[in-house]
Amino acid sequence: MAKDNLNKVFLSASIPYPDRDKKYYDTADIVSIRDAVRALATVVIPQAHLIWGGHPSITPLIRFVMDRMDIKSKDHVTLYQSLAFQKSFPKDNGAFENIVLTPIINHSDKESVIFMRKRMIEDNDFKVGIFIGGMEGINDEYLMFKERDPNALILPIASTGAAARILYENKPQAYDIRLMNDYAYMALFRDLLQDYI
C-alpha cells in the first residue's frame, strides 16, 4: 500500500536522562518504555505510517522491529531529525529510507528542535498521537500536536512513567485507565488502535 493511503500515527517518546529534570527520570520505567515502543511499532507499522522525531534512545528500537518485518520502511515509517544534531545521529538512522532532515536555525539547538517538531507535526495529518516515557519534549510535542490535530486520538502511556505519566495525570480529558495499569502493550495497542490504523 502506498504511503499516502496509510493513516499516520505520531510517536513522541524518549528514555529520560539521569542528568536532566529528576521528575522524569525518577518515575521512568525504562523497561516499559522499551516494551511499549517495540509493541507500538509491531502493531502500527504493518497497517499504518509511523512518524517520530529521531531520539537516539527510540530509533534503534524501531529499527529492531523493522528488521524483523518484510515491509518497505519507506512506505510505513518516517524519521525526522534536525541537522543540529548530525554529529550524534545514531547509526540506526541509516536503516531508514524516509528521513526528513530539518535545518539548523540561528545556530541554536533549541530553536532547531522547535523547528523540526513544527515541521513534523504540521506537515502531517495524524489520526493518533502516542506519548511514551519522555522528558520536556513530550509536553512540547503534545501541545503542538493537540493544536494541529485537535480531533486525533491521544494516548499518553502513563505506565511508562516520566512525561507520559504527567500528561495522563494532568488529563484535560478522561483517558482510558488501561494507559496507567496495562503492561500488555501489544494487546493494548491492538485494541485501542483498531479503528485508527
Side-chain angles (χ1 to χ4, degrees), residues 8-28 30 33-34 36-38 40-41 44 49-64 66 73-74 77-150 152 154-158 160-168 170 172:
K8 294 180 179 178
V9 175
F10 173 62
L11 170 63
S12 180
S14 69
I15 295 174
Y17 298 130
D19 58 347
R20 297 271 284 276
D21 193 327
K22 290 290 188 191
K23 72 180 174 187
Y24 302 118
Y25 183 76
D26 289 350
T27 65
I30 295 170
I33 293 170
R34 290 178 177 150
V37 169
R38 285 193 297 253
L40 178 71
V44 168
H49 189 139
L50 184 64
I51 298 170
W52 77 103
H55 194 279
S57 66
I58 300 305
T59 300
L61 300 173
I62 296 172
R63 180 189 179 183
F64 175 84
M66 287 294 302
S73 67
K74 186 174 182 181
V77 298
T78 299
L79 164 62
Y80 278 75
Q81 292 268 229
S82 170
L83 287 169
F85 301 98
Q86 188 169 15
K87 290 181 182 176
S88 59
F89 284 174
K91 292 178 185 176
D92 299 274
N93 281 14
F96 298 99
E97 299 171 53
N98 205 14
I99 300 178
V100 177
L101 298 173
T102 60
I104 299 169
I105 306 297
N106 297 327
H107 306 287
S108 164
D109 290 351
K110 183 176 181 179
E111 288 184 47
S112 299
V113 168
I114 291 169
F115 181 83
M116 183 272 292
R117 288 176 172 147
K118 283 183 179 176
R119 267 287 304 277
M120 177 171 57
I121 292 168
E122 291 174 4
D123 287 358
N124 295 287
D125 190 15
F126 292 105
K127 297 290 182 192
V128 182
I130 299 173
F131 301 84
I132 296 174
M135 298 173 281
E136 304 89 354
I138 293 278
N139 191 58
D140 295 342
E141 291 180 359
Y142 167 81
L143 294 171
M144 287 181 191
F145 182 87
K146 187 74 175 156
E147 183 176 336
R148 168 66 172 84
D149 292 293
I154 294 178
L155 300 175
I157 311 303
T160 62
R165 177 172 287 164
I166 294 169
L167 277 181
Y168 179 93
N170 291 337

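For Tyr17 and His55, the ring centers are positioned less than 6.0 Å apart. For Phe145 and Phe126, the gap between ring centers is short of 6.0 Å.
Taking all atoms of both residues into account, the shortest heavy-atom contact from Leu167 to Pro156 is CB-CB, 3.9 Å. Contact detail for Phe96 and Met66: the closest heavy-atom pair is CE2-CG, 3.9 Å. Closest non-hydrogen pair, Gln81 versus Gly54, comes out as NE2-O, 3.1 Å.
Put simply, the side chain of Ser112 never gets that close to the backbone of Ser82: no donor and acceptor are under 3.5 Å apart. Side-chain atoms of Asn106 never come within 3.5 Å of backbone atoms of Ser108 as a donor-acceptor pair (strictly under, hydrogens ignored). Not a single donor-acceptor pair under 3.5 Å links the side chain of Thr160 to the backbone N or O of Ile33. Although no hydrogens or angles enter the test, the distance criterion places no donor-acceptor pair under 3.5 Å between the side chain of Arg148 and the main chain of Lys118.
There is no side-chain donor-acceptor pair under 3.5 Å between Asp92 and Thr59. Between Tyr142 and Asn170, the side chains place no donor N or O within less than 3.5 Å of an acceptor N or O (distance only, hydrogens not considered).
Contact check for Ile154 versus Ile130: no side-chain heavy atoms found under the 4.5 Å cut-off. Within the 4.5 Å cutoff, side-chain heavy atoms of Ser14 are placed close to those of Met135.
Atom CZ of Phe85 sits in a crowded spot, with more than 12 heavy atoms from other residues, nucleotides or ligands closer than 6.0 Å.
Between Val9 and the choices Leu155, Val128, Ile51, the side chain to side chain contact (heavy atoms under 4.5 Å, CB included) rule is met once, by Val128.
In summary, Arg117 and Asp140 engage in a salt bridge, as defined by a charged side-chain N under 4.0 Å from a carboxylate O.
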